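Written out below as structure tokens is the structure these notes cover.
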Amino acid sequence: MQILTVLGATGSIGINVLDVVSRHPDRFKIFALSCHTKVIELAAQCEKFQPLFAVVFDRSKANNLKKLLQETSPGTTVLCGIEGLCFIAGEPSVDTVIAAIVGAAGLLPTLEAAKSGKKILLANKESLVMAGSLFMDAVHQGGGTLLPIDSEHNAIFQCLPSDYTDAKKCGVRKIVLTASGGPFRGLDLGSLSGVTPDQACAHPNWKMGRKISVDSATMMNKGLELIEACWIFGVSPGQIEVIVHPQSIIHSMVEYLDGSILAQLGNPDMRTPIAHALAWPARISSGVASLDIIRAARLDFEAPDLERFPCLALAIQAAETGASAPIALNASNEVAVDAFLKKEILFTQISEIVAMVLSEITITEPSSLEAIQRCDRESRELAIKFIKGYL
Ligand code: NDP
Ligand code: MG
């Protein structure tokens with residue numbers, strides 16, 4: 001029996017994790033679930049899975065959850081705040097932590113899971129983008145395992161040898177990171193500034209949370225994923241090629257020195273990478289239908305258009321610069337996406353704000369968690385200052 005903590009249980013990834021878990025009650029037991037504010041949804045999940053702990057980040061809402069659980073899940077203790085999240089991530093009886101909080105807010109509990117030697121199923125790419133070196137060190141020192149559930153990284157993981165340690169030793173020539181191109185791949189450039197948050201969140205192939213949906217529409221998501229892949233697989237940005245593949249059937253590929261290219265294919269449904277990582281190295285059912293390759297019929301590929309997707313160019317540049325550049329990229333993007341979702345800025349201003357923050361901020365080598373958090377905070381303050389200039 002694998003004992004699980006799901007950080008961000010009420011989100012798109014969290015819900016998919018619980019769907020797979022509910023298909024295998026003999027394999028998985030939920031120890032703890034967390035949310036930010038959606039206590040009604042979390043209460044329903046607690047009633048179904050009867051966890052020992054439930055954490056609501058927002059302190060004022062934790063009491064509401066306590067009341068809701070009095071009769072339906074009396075064995076669940078309600079905690080709150082970052083202390084609560086770090087407790088359920090590091091508690092000794094937990095085997096596996098699913099890191100599915102969105103954004104920088106996921107960093108501390110995910111780091112706690114790494115330090116505690118857990119098997120980490122990583123969806124929260126922002127924590128790796130911010131603190132890659134610190135995070136990978138914590139995974140190695142903690143003696144745990146990092147398994148990606150971001151679909152592209154999970155695909156790459158599946159296409160690499162099981163004893164993979166180093167791209168050179170394994171004869172890897174390059175990693176091909178596929179991207180759908182999002183909802184605005186074919187829109188004329190002049191119309192991009194007028195798109196609404198709902199249009200940006202209407203992804204053609206995937207149903208996801210609003211922040212990552214906007215990131216997919218700007219292709220910042222692919223940039224964050226490129227940085228994520230560098231840390232997980234120990235490669236440099238130059239060893240990764242981003243290719244637009246609108247059907248999202250190939251989830252990524254690995255090319256070897258002999259010319260062989262291995263790809264992982266499947267329907268675009270996050271339950272596949274989640275089930276793969278949950279049961280790894282075994283295979284279990286996920287609820288995902290077979291891919292009808294004859295119906296799919298075509299697989300198209302094109303180079304990404306960096307004029308249309310300046311966020312991707314900025315992310316590649318930040319990846320190459322390294323040091324604190326990815327922290328500033330991620331923080332300014334989070335602030336700008338939030339402002340776009342609140343209709344305070346235009347879609348095209350997201351990349352402008354990220355570019356301004358990256359050019360203004362001093363890039364340093366962040367040698368500690370405090371330094372990372374300081375750079376994150378300063379980048380956010382700068383982004384807010386630029387947004388105020390637009391209002
Ligand atoms: P959602 O917005 O759907 O869910 C986010 C989860 O995190 C919710 O449970 C939310 O709680 C919680 N949360 C939000 N803010 C905070 C906070 N400040 N403190 C604590 N908890 C918080 O996001 P997704 O599930 O789409 O994405 C989660 C992560 O997975 C992201 O990093 C994303 O990039 C990554 N990912 C997602 C994919 C997808 O298909 N959705 C694919 C690949 C990666 P509440 O519901 O109460 O607000
Ligand atoms: Mg992805």
Side-chain angles (χ1 to χ4, degrees), residues 5-19 32-45 54-62 64-65 79-86 88-89 98-110 120-130 147-157 177-182 201 203 205-216 218-229 232 242 245 248 250-252 264 267-274 277 330 333-334 337-338 341:
T5 279
V6 186
L7 300 169
T10 48
S12 160
I13 291 285
I15 290 168
N16 278 310
V17 167
L18 293 178
D19 181 278
L33 299 172
S34 90
C35 78
H36 186 218
T37 57
K38 288 190 183 158
V39 285
I40 298 191
E41 288 83 346
L42 191 66
Q45 293 178 340
V55 180
V56 188
F57 184 78
D58 194 308
R59 283 166 201 275
S60 61
K61 304 220 168 181
N64 297 354
L65 183 67
L79 304 173
C80 64
I82 195 70
E83 306 78 21
L85 291 174
C86 288
I88 60 170
I98 294 98
I101 289 175
V102 61
L107 176 62
L108 293 180
T110 310
I120 301 172
L121 269 53
L122 187 76
N124 177 222
K125 62 194 87 181
E126 295 92 343
S127 59
L128 205 50
V129 169
M130 284 176 78
L147 294 171
I149 53 176
D150 206 347
S151 57
E152 297 76 2
H153 305 73
N154 184 271
I156 295 161
F157 183 84
L177 198 59
T178 53
S180 68
C201 290
H203 196 280
N205 307 335
W206 302 93
K207 198 176 168 333
M208 309 181 286
R210 284 172 82 77
K211 192 263 177 182
I212 187 180
S213 296
V214 176
D215 284 348
S216 299
T218 60
M219 280 191 81
M220 177 60 90
N221 183 49
K222 212 47 55 182
L224 298 176
E225 289 184 354
L226 182 139
I227 300 171
E228 181 187 10
I232 297 180
V242 174
H245 163 47
S248 298
I250 292 183
H251 299 305
S252 277
Q264 187 258 1
N267 281 319
D269 187 320
M270 288 308 292
R271 292 176 300 173
T272 295
I274 288 167
N330 179 63
N333 180 60
E334 281 192 27
V337 169
D338 189 52
L341 285 171

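Predicted, not measured: the structure shown is a model, and the values here were computed from it. Index from 1, following the sequence. Order of listing sets the numbers, starting from 1, for every ligand and every atom in it.
- As for Glu225, its N/O/S atom nearest the Mg ion (ligand 2) is the one called OE2.
- Counting heavy atoms under 4.0 Å from ligand 1, residue Glu126 touches it through the side chain alone.
- Within the 4.0 Å heavy-atom cutoff, Met270 counts among the residues contacting ligand 1.
- A distance-only check finds a donor-acceptor pair linking the side chain of Asn124 to the backbone of Ile101 [under 3.5 Å].
- In terms of heavy atoms, Val55 sits closest to Leu42 at O-CD2, 3.9 Å.
- Per residue Asp150, closest N, O or S atom to the Mg ion (ligand 2): atom name OD1.
- At least one N or O atom of Ser12 sits closer than 3.5 Å to an N or O atom of ligand 1.
- Taking a cut-off of under 4.0 Å to the non-hydrogen atoms of Ala105, the atoms of ligand 1 that pass are 17 (C), 18 (N), 19 (N).
- Salt bridge present: Lys211 and Glu126 bring a charged side-chain N and a carboxylate O closer than 4.0 Å.
- The contact set between ligand 1 and Asn124, taken as ligand atoms under 4.0 Å from a residue heavy atom, comprises 32 (O).
- Nearest heavy-atom pair across Ser180 and Gly182 is OG-N, 3.0 Å.
- Shortest distance from the Mg ion (ligand 2) to Glu152 is reached at OE1 (N/O/S atoms only).
- The only option from Lys222, Gln264, His251 that meets the side-chain hydrogen bond (donor to acceptor under 3.5 Å, both in side chains) definition with Glu152 turns out to be Lys222.
- Within the 4.0 Å heavy-atom cutoff, Ala100 counts among the residues contacting ligand 1.
- The backbone N or O of Ile250 sits less than 3.5 Å from a side-chain atom of Thr178, completing a donor-acceptor pair.
- Taking distance alone, with nitrogen or oxygen atoms compared against 3.5 Å, Asn221 stays at or beyond that limit from ligand 1.
- The shortest N or O to N or O distance between Ser151 and ligand 1 is not below 3.5 Å.
- Looking from atom 29 (C) of ligand 1 to the surrounding protein, the closest heavy atom is Ile101 O, 3.8 Å.
- The two residues Gly14 and Ala100 come nearest to each other via the heavy atoms N-CB, 4.3 Å.
- With a heavy-atom cut-off of 4.0 Å, Thr37 touches ligand 1 through backbone and side chain alike.
- When hydrogens are left out, the protein atom nearest atom 34 (O) of ligand 1 is Lys125 CE, 3.2 Å; that is the closest non-hydrogen contact.
- The nearest heavy-atom contact from the protein to atom 35 (C) of ligand 1 is Ala123 O, 3.1 Å.
- Near Thr10, with a cut-off below 4.0 Å to any heavy atom, the atoms of ligand 1 are 8 (C), 9 (O), 11 (O), 45 (P), 46 (O), 47 (O).
- In terms of modelled atom types and a separation under 3.5 Å, the side chain of Ser34 and the main chain of Gly8 share a donor-acceptor contact.
- Atom 5 (C) of ligand 1 has Val102 CG1, 3.7 Å as its closest protein atom, hydrogens excluded (heavy atom only).
- Considering every non-hydrogen atom in both Val39 and Leu65, the closest pair reads O-CD1, 3.6 Å.
- Closest non-hydrogen pair, Met208 versus Ser216, comes out as CE-OG, 3.4 Å.
- Considering backbone and side-chain N/O of Gly209, one or more are found under 3.5 Å from N/O of ligand 1.
- At distances below 3.5 Å, not a single donor-acceptor pair connects side-chain atoms of Glu334 with backbone N or O atoms of Gly103.
- Atoms of ligand 1 found under 4.0 Å from any heavy atom of Asp150 (numbered from 1 in listed order, with element): 43 (C), 44 (C).
- His36 CB, 4.1 Å is the protein heavy atom nearest to atom 12 (C) of ligand 1.
- Proximity to Ile212 (heavy-atom distance under 4.0 Å) selects the following atoms of ligand 1: 26 (O), 33 (C), 34 (O), 36 (N), 37 (C), 38 (C), 42 (C), 43 (C), 44 (C).
- Residues Asp215 and Asn333 come closest through the heavy atom pair OD1-ND2, 3.0 Å.
- For atom 4 (O) of ligand 1, the nearest protein heavy atom (residue, atom name, distance) is Gly11 CA, 3.1 Å.
- Remark: side-chain polar atoms of Asn154 are paired, donor with acceptor, to backbone N or O of Pro148 under 3.5 angstrom.
- Closest to atom 37 (C) of ligand 1 by heavy atom, among Leu85, Ile13, Leu224, is Ile13.
- Put simply, the side chain of His153 never gets that close to the backbone of Glu228: no donor and acceptor are under 3.5 Å apart.
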